[in-house]
Amino acid sequence: MRIAILGYGVVGSAVAKALIENDKIIRARCGENIIPVIALARKNKKNALIPITTNIDEILQRDDIDVFVELMGGIEIPFQIVSQILKKKKPVVSANKAMLAYYRYELENLAKNLAFGYEASVGGGIPIIKILKEGLSANNILSIKGILNGTSNYILSAMNTKGIQFYDALKTAQELGYAEADPSFDIEGQDAAHKLLILASIAYGLRAKPEDILIEGISDITSEDMYFAKEFDFTIKLLGIAKTKNSKVELRVHPTMINKDKMIAKVDGVMNAVSITGDLLGENLYYGAGAGGMTTASAVISDLIDIARNEFKGPMLGFRNDFQFELLNKDEIFTKYYLRLKVEDKVGVLSKIAQLMSENGISIDSFLQKPKQDEIHSTLFFTTHSTFEKDIKNLLLILEKQDFIKGKPFMMRIEE
Ligand SMILES: NC(=O)c1ccc[n+]([C@@H]2O[C@H](COP(=O)([O-])OP(=O)(O)OC[C@H]3O[C@@H](n4cnc5c(N)ncnc54)[C@H](OP(=O)(O)O)[C@@H]3O)[C@@H](O)[C@H]2O)c1
């Protein structure tokens, strides 16, 4: 089987290297050689293992390529290129979660019965697409909770274990190569949201796009939140959450307080993990490396081997008949919340906050006051009983206008 690699960066070059180095075991497993014939890049590479071209047409016009592997990144350009390839009835493998977050249904329509592998787009080395699409296909999926971004998980783990602030943890992550020079995609939750949307399509046929769902990042988390979490036996993780509620599904990505004894709370550093609860299976946790050239190449090549074996399990998103849940409105999310409020330390503040909460139908579950930071300010921490998102958002707007509140009130959701 002859393949072209569109994009010879971290992943593309690792795919070429792994195909060459592991050729014997790959041939033994699929009965033929998988040969990387040519790769695309913007600039030529001196020490590339295979011929490189900077001209996409040179690749698309060849008729000796059996499978195209898209590893360029971006959204619109790869979508146009992959669409062209599918129209020529050629199979595709891609690791591009951003393209899939926006165009997975369009691509599925174009692919029809052609193989379209995207195992590498979520969870790196964890074969989570296969698990959902094949292993758990008998289940109603009640929930998916995932640590889907290793950069954010590294930063939160470092803040938790070393007691450092967000920007110091981010700087260390950049020095260690775990975070990009522009880390916004990872730390603001976009990358995790793209992956959650892909999983939600396989589990629920959900057609949502990133702008339809609740996405919050980790950059407002402080060491005070870590302090509170420790006091109350929580751990803070950036979670991608999908949960069914009757015929609706809530989808959200945000920093989350979770009980420190939960399996997923123990997943530290750059690792990824996905906890899936099925009605037949109960809860299972899948854990593994989430990114990196070779880890991602491992997933890309597993798709290529499936194609070579003629075992590719289509259709692309796994549904043979129309099947679709509806997305739950963000305001209808019903969960427990954590609040951090910096206040002027004066008589009556606490009772006023309690009164405002009560007027908004919110009931306090726990309360902690951190020892005074200076002569006039204190930090108050609250957790609430389960309440609607719209009520907590309304409370935050009201709190922000109170003259005894200093700075922006901070809220985080709690997951049981
Ligand atoms: N890195 C990971 O750990 C990881 C994990 C999971 C999924 N992914 C996904 O895998 C894909 C590739 O990621 P990566 O980290 O390998 O990216 P990367 O290192 O930036 O490599 C991208 C490659 O594509 C080429 N390219 C980009 N746009 C192009 C264009 N318009 N025309 C021609 N060539 C173009 C680049 O050429 P130049 O080399 O000349 O710039 C480079 O060779 C992305 O979709 C990413 O989200 C990555």
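All ligand and atom numbering here is 1-based and tracks the order in the structure. Just so you know, these numbers come straight off a predicted model, no measurement behind them.
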Any side-chain to backbone donor/acceptor pair from [X] onto [Y]? Under 3.5 Å, distance only.
X      : Y      : answer
Thr296 : Ala120 : no
Arg309 : Arg29  : yes
Tyr8   : Leu49  : yes
Asn360 : Leu356 : yes
Asn153 : Val267 : yes

Check: What class does the angle between the rings of Phe323 and Phe325 fall in, given that below 30° is parallel, 30 to 60° is tilted and above 60° is perpendicular?
Finding: perpendicular
Next item on the list: May I ask you to decide if the ring planes of Phe388 and Phe334 are parallel, tilted or perpendicular, using 30° and 60° as cut-offs?
Entry: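 Tilted: the ring planes of Phe388 and Phe334 meet at 30° to 60°.
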Among all protein non-hydrogen atoms, which one is nearest to [atom], and what is the separation to 0.1 Å?
atom                    : result
atom 42 (C) of ligand 1 : Gly9 N, 3.7 Å
atom 25 (C) of ligand 1 : Gly7 CA, 3.8 Å
atom 9 (C) of ligand 1  : Ala95 O, 3.4 Å
atom 44 (C) of ligand 1 : Gly73 CA, 3.6 Å
atom 12 (C) of ligand 1 : Leu71 O, 3.3 Å
atom 8 (N) of ligand 1  : Lys97 NZ, 3.7 Å
atom 3 (O) of ligand 1  : Gly292 N, 2.7 Å

Notebook entry, point to check: Can you tell me how far CG of Asn55 sits from CD1 of Ile38, rounded to the nearest 0.5 angstrom?
Noted result: 9.0 Å
Next item on the list: Go through the steps to decide whether Glu332 and Lys390 satisfy the test salt bridge (charged side-chain N to carboxylate O under 4.0 Å, His left out), and finish with yes or no.
Entry: CA-CA 7 Å; Glu332 291 174 51; Lys390 68 173 176 337; over 6 Å; no
Check: What atoms of ligand 1 come within less than 4.0 Å of a heavy atom belonging to Ala291?
Finding: 3 (O)
Next item on the list: Check each atom of ligand 1 against the heavy atoms of Ala120 and keep those under 4.0 Å away; list them by number with element.
Entry: 6 (C), 7 (C)
Under 4.0 Å, heavy atoms only, figure out whether ligand 1 is touched by the backbone of [X], its side chain, both or neither.
X      : value
Ala98  : neither
Lys45  : side chain
Thr296 : side chain

Next item on the list: Can you figure out which of Glu70, Glu76, Arg42, Glu180 has its heavy atom closest to atom 26 (N) of ligand 1?
Entry: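 Considering heavy atoms of Glu70, Glu76, Arg42, Glu180, the nearest to atom 26 (N) of ligand 1 sits in Arg42.
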Next item on the list: From atom 30 (C) of ligand 1, work out which of Met72, Lys43, Met99 has a heavy atom at the shortest distance.
Entry: Met72
Margin query: Tell me if the aromatic rings of Phe381 and Phe367 count as close, with their centers under 6.0 Å from one another.
Written below: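 So the answer is no for these two rings.
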Check: Mind checking whether Gly124 has a heavy atom under 4.0 Å from ligand 1?
Finding: no
Margin query: So, 4.0 Å and heavy atoms of Gly74: is ligand 1 close enough to count as a contact?
Written below: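 Contact check Gly74 vs ligand 1: negative.
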Notebook entry, point to check: Hey, is ligand 1 close enough to Val10 that some N/O pair sits below 3.5 Å?
Noted result: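 Between Val10 and ligand 1, an N or O pair is found under 3.5 Å apart.
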Check: N/O of Val11 under 3.5 Å from N/O of ligand 1, yes or no?
Finding: yes
Next item on the list: Please check if a non-hydrogen protein atom sits closer than 4.0 Å to atom 17 (O) of ligand 1.
Entry: no
Notebook entry, point to check: Do you see a protein non-hydrogen atom under 4.0 Å from atom 20 (O) of ligand 1?
Noted result: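 Protein heavy atom within 4.0 Å of atom 20 (O) of ligand 1: absent.
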Next item on the list: Report yes or no: is the cationic atom of Lys209 (NZ for Lys, CZ for Arg) closer than 6.0 Å to the six-membered ring centre of Tyr103, at no more than 45° off its axis?
Entry: yes
Check: Between Lys370 and Tyr227, is NZ or CZ placed under 6.0 angstrom from the six-membered ring centre and within 45° of the ring axis?
Finding: yes
